[in-house]
**Student:** 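Okay, handing you the structure first.
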Amino acid sequence: MPEYKHFPLADTAEGLTEADIIAWQVKPGDTVTVNQIVVEVETAKAAVELPIPWAGVVTELLVEPGQTVEVGAPILTIDVDPDGKAVPAAAPSKEEEPAEEEMKPLVGYGSKAVVTHRRARKGAAPAAAPTAPAAPVAAPVAAAPAPAPAKPKGGYVPLAKPPVRKLAKDLGVDLHALTGTADGGVITRDDVQAAANGSATAAPVQSVVDSGYDPATRERRVPIKGVRKATAAAMVQSAYTAPHVTEFLTVDVTPMMEFREKLKKSREFAGVKVTPLTFAAKAVCLAAKRTPDVNAVWDEAAQEIVYKDYVHLGIAAATPRGLVVPKVRDADSMSLKELAIALTELTDVAREGKTTPAAMLGGTITITNVGVFGVDTGTPIINPGESAILCLGAIKDTPWVVDGEIKVRKVLQLSLSFDHRVVDGQQGSEFLADVGALLADPAVAITY
């Protein structure tokens, strides 16, 4: 006979309490294998793909894309014995945990006895408290006609299944402006297609007004969650905890750009992407050795300044899901070539939205490159747990005085924000000057 198991949303060993479902990689009826990726979720730190620890047939998806789910809540049901060939196990004693909780093949999937339920849509009327756990073979809640949603405080929530929501997103149709034609006001594919073709009937004026949505304003509201929510909280914490000081330096980096061209033609660097960020990373590591204060951190609880004898270099990267700051571990021990390769891999993974939460922990100092957007400079906010962040501006052809004559040179603006509790003006200035000297003439590195 079938044997059903619930697949819970696992924590990622980083103390997270919830995640948003981004996309399912499977559907009911699909056969899956052990460790197959079944869902992509977005935590407060990054997008993560979750594998399933069992083989079997998916019987039900318990949550929809876009839904926020607590860690430990079941998100999928799977029949691990679809052929009915498994030998029935003896009934567990009262002291034993049920077999369903014996899932420990993967990190983050520890045994966790949690009574969970499908989280209701925002604003929906709370379901009656269950008197007993539902049987795993119970019919999906969605099988019955869905009742019309109650008017929540935050606005009207349109009823639509995940494929319909995806279709609406692909076609640019706002579900809030539609009236569902199916039982209970559920929006169908035909409703979305009709809206896309300009023949749909908009939602009644009364419900639109009550929901707080007015198409005439030409506004849209996006829930604050996931990476954006975590970034905002971190920046506020940093800005109102660490006293920021920002210093600026303009540098002629013509020699660096000429050296870069030489490296591109060398056999050793064949196929290696060397960018100004690569030189900046190396310069930061070298300069931090001379001014260790920028690589230290203020420990408020212990009333200590913690000096790090290693550089875990954070690289701020803009991604479709927001700003992430993955780290290059032990960057100070890497050669210029090794740094170039590590930075290429790190930025490629970040742009694909595949950076793991673990890859963004434990940084000691960060570089942010606004120059890629054509911006001259900025006043960056320090990442929590660090004491300094270097900002690279755009490298531009600029009139520059060389040996008493005006010439066109490659010029870069640098800015450094630092925590004035840890770094005094002298140390911050010395560090920034060292970075500038190394970028102005890479040969200076041989003197360090």
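Predicted model, so just to flag it, every value in this text is computed and none were measured.
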**Student:** With a 4.5 Å limit on heavy-atom distance, are the side chains of Glu60 and Leu76 in contact?
**Tutor:**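 Glu60 vs Leu76: side chains apart.
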**Student:** Given side chains that start at C-beta, do those of Tyr4 and Val80 come closer than 4.5 Å, heavy atoms only?
**Tutor:**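 No, too far: nothing below the 4.5 Å cut-off.
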**Student:** Does Glu338 form a salt bridge (Lys or Arg N to Asp or Glu O under 4.0 Å) with Lys282? I'd like the steps, not just the answer.
**Tutor:** CA-CA 10 Å; Glu338 290 170 335; Lys282 188 64 176 178; over 6 Å; no
**Student:** If we only count heavy atoms from C-beta on, is the Glu49 to Lys354 side-chain gap below 4.5 Å?
**Tutor:** yes
**Student:** Would a distance-only check, ignoring hydrogens and angles, find a side-chain to backbone donor-acceptor pair under 3.5 Å from Arg351 to Thr319?
**Tutor:** no
**Student:** Quick one: does any side-chain atom of Ser266 pair with a main-chain N or O of Leu263 as donor and acceptor, under 3.5 Å?
**Tutor:** yes
**Student:** I'd like to check the side-chain hydrogen bond (donor to acceptor under 3.5 Å, both in side chains) partners of Thr364; sequence neighbours left out, ordered by chain and number.
**Tutor:** Asn295
**Student:** Within the side chain of Asp30, is there an N or O that forms a donor-acceptor pair under 3.5 Å with the backbone of Val58?
**Tutor:** no
**Student:** Taking only residues two or more places apart in sequence or in another chain, which ones pass side-chain contact (heavy atoms from CB on, under 4.5 Å) with Pro243?
**Tutor:**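 With neighbours one apart ignored, the set is Asp419, His420, Arg421.
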**Student:** I'd like to check Leu343 versus Leu277 (side-chain heavy atoms, cut-off strictly below 4.5 Å). Are they in contact?
**Tutor:** yes
**Student:** Under a 4.0 Å N-O cut-off, is there an ion pair linking Asp79 with Lys5?
**Tutor:**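 Result for this pair is no, no salt bridge flagged.
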**Student:** Quick one: does Asn197's side chain have a donor or acceptor within less than 3.5 Å of a partner on Ala194's backbone?
**Tutor:** no
**Student:** Checking side-chain contact (heavy atoms from CB on, under 4.5 Å) for the pair Val284/Ile365: CA distance, chi angles, key distance, verdict?
**Tutor:** CA-CA 9 Å; Val284 164; Ile365 189 170; 4.1 Å; yes
**Student:** So Val69 and Val41, side-chain contact (heavy atoms from CB on, under 4.5 Å) or not? Walk me through it.
**Tutor:** CA-CA 10 Å; Val69 183; Val41 304; over 6 Å; no
**Student:** Around atom NZ of Lys308, are there more than 12 heavy atoms of other residues, nucleotides or ligands at under 6.0 Å?
**Tutor:**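 Correct, the count exceeds 12.
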**Student:** Would you please name every residue forming a side-chain hydrogen bond (donor to acceptor under 3.5 Å, both in side chains) with Thr377, sequence neighbours left out?
**Tutor:**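 Partners of Thr377 by the side-chain hydrogen bond (donor to acceptor under 3.5 Å, both in side chains) criterion, ordered by chain and then number, come out as Ser415.
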**Student:** Donor-acceptor pair, distance only, cut-off 3.5 Å: does the side chain of Lys273 make one with the backbone of Gly271?
**Tutor:**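 No, Lys273 side chain to Gly271 backbone: no donor-acceptor pair under 3.5 Å.
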**Student:** Could you give me the CA-CA distance, side-chain angles and deciding distance for Leu414 and Val435, then say whether side-chain contact (heavy atoms from CB on, under 4.5 Å) is met?
**Tutor:** CA-CA 9 Å; Leu414 301 172; Val435 172; 4.1 Å; yes
**Student:** Do the non-hydrogen side-chain atoms of Ile389 and Ile381 ever get within less than 4.5 Å of each other?
**Tutor:** no
**Student:** Please check: side-chain N/O of Lys410 versus main-chain N/O of Ile395, any donor-acceptor pairing under 3.5 Å?
**Tutor:**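 Between the backbone of Ile395 and the side chain of Lys410 there is no qualifying donor-acceptor contact (under 3.5 Å).
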**Student:** Any donor-acceptor pair under 3.5 Å linking the side-chain atoms of Asp330 with those of Ser333?
**Tutor:** no
**Student:** Stepwise, does the side-chain contact (heavy atoms from CB on, under 4.5 Å) test hold for Asn383 with Met235?
**Tutor:** CA-CA 7 Å; Asn383 279 315; Met235 294 301 97; 3.7 Å; yes
**Student:** State, with a plain yes or no, whether a side-chain heavy atom of Phe269 is found less than 4.5 Å away from one of Lys337.
**Tutor:** yes
**Student:** Return yes if some donor-acceptor pair links the side-chain N/O of Thr398 with the main-chain N/O of Lys396 below 3.5 Å, else return no.
**Tutor:** yes
**Student:** Would a distance-only check, ignoring hydrogens and angles, find a side-chain to backbone donor-acceptor pair under 3.5 Å from Thr33 to Gln36?
**Tutor:** no
**Student:** Taking Glu345 for the side chain and Ala342 for the main chain, is one N or O donor matched with an acceptor at less than 3.5 Å?
**Tutor:** no
**Student:** Does the side chain of Ser417 come under 3.5 Å of the side chain of His244 through a donor N or O and an acceptor N or O?
**Tutor:**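 On atom types as modelled, these side chains do not qualify, holding no pair under 3.5 Å.
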**Student:** For the pair Trp24 (side chain) and Val63 (backbone), establish whether a donor and an acceptor sit closer than 3.5 Å, ignoring hydrogens and angles.
**Tutor:** yes
